[in-house]
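First the structure, in the form of structure tokens, and then the observations on it.
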Amino acid sequence: MTERGGANRHDRKRSWEMSAQNLVTQPQEQGNAPQLPADMASRLTDPAVWADEAGLHELLATIRAQYPLAIADVPGFRPFWVVSKYQDIMEISRQNSLFHSGDLSAVLMPEEEYQKLAGGGEDAEKVHRSIVYMDPPEHGRYRMLTQAWFQPGSVRKREEEIRAIAKKTVERMRAAGGTCDFVSEIAVHYPLEVIMNILGIPDEHYSRVLRLTQEVFSVADEELGREGDDTFSLGSDNVFRDFNAFLRPFHEDRKVNPRDDVLSIIANAQIDGQPVPEIEALSYYVTVATAGHDTTSSTSATALWALSRSPELFRELKEDPSRIPALIDEALRWTTPVRHFMRSATEDYELRGQLIRRGDWLMLCYPSGNRDEEIFENPQQFQPGRTPNKHVAFGYGAHVCLGQHLAKLEIRILLEELLANLDAIEPAGPPKYTKAIFVGGLKSLPIRYQTA
């Protein structure tokens, strides 16, 4: 990881609230549990490794084959189990009462950062508390606030609005004159415009929201992260404070002037008969904005990457757009924008013949699960017609991505409009990937194209 602003590193409180009653402050003794070799474990904690797609998947394939469930013991980090096999990821994900998100950090972070967070105490300032880090029964109560809004029937009602944004996006490509960086000029903008429309944030705030969403997930990438932010997986408290300060006026307005948007739903919602606390409401908005932006843009870019490399695929989908959904699922499997989530065991549990002890920390390694040779035939090949394709790019179980149907709808509409308006597309340079261990994907995709 590139160090930036190191002198300020330990002056910050981190942005999660721990469940103090369940907190385990020291990892359990692991006995004879299998250990991941030190070099492999160290590479897993290096964001630069996650920007090298070929090298990353070579590493993960070796881990799956030789150390399918093993402990990574890396200096500076709490030891954690690396869960690399698809079925193991599924088994853990379907048991949210046994494997918690909120007792320890739900994303990988160095031990010293974690101790800073865990030692904050009840009076510590809370700047972010997302449903991603909640456990039952609280998680379900918060998720239900917007679940109906994100169901397939509900998001389809937005298709006309989304298609208008997609058409505007295609016109932006037409105006670019036949060459562009599809990620920085197209892919990051389209889903953000959609999510701002859904939240109800006016267009004039676009540049600010774009910058904040990038600063949340791209902290390790010098080109995308905030200057001086050296936190490991997510943006610093200062990023979340700035996001909260931006969103607070909208939150206050929707409480008295509700509209047909997600901001209004959350601002006026109640949990157990009480209004949603402000920090939880603001965090909900941030989660919707960031998760709905980065993951969709990464998958859209991967689909264009595939089309640019195969004139035959481009022609076939142009002639038969009904094949687009299969391409989207393969792009999701291939990219897996959410690289991991962490879970902690609430009691002893046997998995793959190994004893996971109460308090143990586990990394659900989704890109590895999505290339598991036992589940996917020829997993290292991009196959746009792959069937079945039961990837875990959206997670699984109670924490499965709330916006998965919206994301697929957005990408489908964009691809339909692109294929209808382009006659040809090809690479114009090598792609580049984000240095990010939590949420990542393509950050640059130069292309040449001919408009219809």
Side-chain angles (χ1 to χ4, degrees), residues 15-22 96-97 100-103 106 120-158 161 194-202 205 209 212-213 216 234 237 240-293 341 346 394-395 397-407:
S15 55
W16 290 274
E17 179 188 19
M18 296 294 98
S19 302
Q21 69 272 24
N22 294 322
N96 293 98
S97 295
H100 274 187
S101 298
D103 293 352
E122 292 185 2
D123 296 329
E125 179 191 10
K126 300 180 183 72
V127 296
H128 188 66
R129 189 165 187 269
S130 166
I131 62 170
V132 172
Y133 314 116
M134 295 179 183
D135 292 303
E138 183 183 39
H139 171 259
R141 294 170 184 156
Y142 275 83
R143 185 181 177 92
M144 286 301 295
L145 297 181
T146 59
Q147 183 161 291
W149 206 99
F150 286 104
Q151 289 302 303
S154 296
V155 299
R156 279 197 297 268
K157 295 177 182 177
R158 303 276 170 169
E161 301 168 28
V194 172
I195 208 67
M196 285 180 63
N197 177 274
I198 286 170
L199 282 168
I201 299 174
H205 301 289
V209 178
L212 286 167
T213 57
V216 167
L234 285 180
D237 283 1
F240 285 104
R241 285 192 190 95
D242 288 349
F243 225 142
N244 291 346
F246 167 71
L247 290 166
R248 190 170 284 113
F250 297 103
H251 174 68
E252 295 297 329
D253 174 74
R254 294 306 194 277
K255 286 194 292 186
V256 294
N257 300 301
R259 307 178 188 179
D260 181 23
D261 56 38
V262 171
L263 272 165
S264 298
I265 293 172
I266 298 168
N268 294 282
Q270 292 190 342
I271 298 289
D272 296 331
Q274 298 296 320
V276 175
E278 183 186 70
I279 194 62
E280 278 81 355
L282 295 173
S283 299
Y284 214 134
Y285 308 144
V286 171
T287 299
V288 171
T290 55
H293 173 225
F341 269 117
T346 62
F394 290 122
H399 279 280
V400 68
C401 176
L402 189 61
Q404 60 175 309
H405 304 297
L406 174 63

(message) Testing the basics here: between Ser154 and Ala148, what is the closest heavy-atom pair and its distance to 0.1 Å?
(response) OG-O, 2.8 Å
(message) side-chain contact (heavy atoms from CB on, under 4.5 Å) for Phe240 and Leu282? Distances and angles first, verdict last.
(response) CA-CA 10 Å; Phe240 285 104; Leu282 295 173; over 6 Å; no
(request) State, to 0.1 Å, how close Ser264 and Arg259 come at their nearest heavy-atom pair, and which atoms those are. (result) OG-N, 2.7 Å
(request) Could you grab the distance from atom CE of Met196 to atom OG1 of Thr213, nearest 0.5 Å is fine? (result) 10.0 Å
(message) On a heavy-atom basis, which atom in His251 and which in Ala281 lie closest, and how many Å separate them?
(response) CE1-CB, 3.6 Å
(message) Are Phe243 and Val127 packed together at the side-chain level, in the sense that at least one heavy-atom pair is separated by less than 4.5 angstrom?
(response) no
(message) Is any side-chain heavy atom of Asn244 closer than 4.5 Å to one of Tyr285?
(response) no
(message) To the nearest 0.5 Å, what is the distance between CG on Leu263 and CG on Leu247?
(response) 7.0 Å
(message) Under a plain distance cut-off of 3.5 Å, with no hydrogens placed, do Ser283 and Ser130 share a side-chain donor-acceptor pair?
(response) no
(request) Measure the shortest side-chain to side-chain distance between Glu280 and Tyr142 over non-hydrogen atoms and say whether it is less than 4.5 angstrom. (result) yes
(message) Between Arg248 and Asp253, is there a side-chain heavy-atom distance shorter than 4.5 Å?
(response) no
(message) Quick one, Leu199 with Asp261, criterion side-chain contact (heavy atoms from CB on, under 4.5 Å). Give me CA distance, side-chain angles, the key distance, then yes/no.
(response) CA-CA 5 Å; Leu199 282 168; Asp261 56 38; 5.9 Å; no
(request) State, to 0.1 Å, how close Trp149 and Ile265 come at their nearest heavy-atom pair, and which atoms those are. (result) CD1-CD1, 3.0 Å
(request) Using a 4.5 Å cut-off on heavy atoms from C-beta on, say whether the side chain of His139 contacts that of Asn96. (result) no
(request) Indicate the atoms forming the closest heavy-atom contact of Asn268 with Lys255, along with that distance. (result) OD1-O, 3.3 Å
(message) Counting C-beta onward and ignoring hydrogens, is there a side-chain heavy-atom pair between Ile271 and Leu145 closer than 4.5 Å?
(response) yes
(message) Could you walk me through whether Gln270 and Val276 satisfy the side-chain contact (heavy atoms from CB on, under 4.5 Å) test, starting with their C-alpha distance in whole Å, then the side-chain angles of each, then the deciding distance to 0.1 Å, before giving a yes or no?
(response) CA-CA 5 Å; Gln270 292 190 342; Val276 175; over 6 Å; no
(message) Pairing donors with acceptors under 3.5 angstrom, does anything connect the side chains of His100 and Thr346?
(response) no
(request) Run the salt-bridge test on Asp260 and Arg158 with the 4.0 Å N-O cut-off and return the result as yes or no. (result) yes
(message) Taking the side chain as everything from C-beta on, heavy atoms only, tell me whether Thr287 gets closer than 4.5 Å to Val132.
(response) yes
(request) Working to the nearest 0.5 Å, report the span between CZ of Arg141 and CD1 of Ile131. (result) 14.5 Å
(request) Check step by step if side-chain contact (heavy atoms from CB on, under 4.5 Å) holds for Ser101 and Met134. (result) CA-CA 6 Å; Ser101 298; Met134 295 179 183; over 6 Å; no
(message) Quick check for you: to the nearest 0.5 Å, what is the distance between Thr146 atom OG1 and Leu402 atom CG?
(response) 4.5 Å
(message) Using 30° and 60° as the class boundaries, would you call the ring planes of His128 and Tyr133 parallel, tilted or perpendicular?
(response) perpendicular
(request) Give a yes or no on whether a salt bridge exists between Glu138 and Arg129, defined as a side-chain N under 4.0 angstrom from a carboxylate O. (result) yes
(request) Flag the pair Ile201 / His205 as yes when at least one side-chain heavy-atom distance between them is below 4.5 Å, and no otherwise. (result) yes
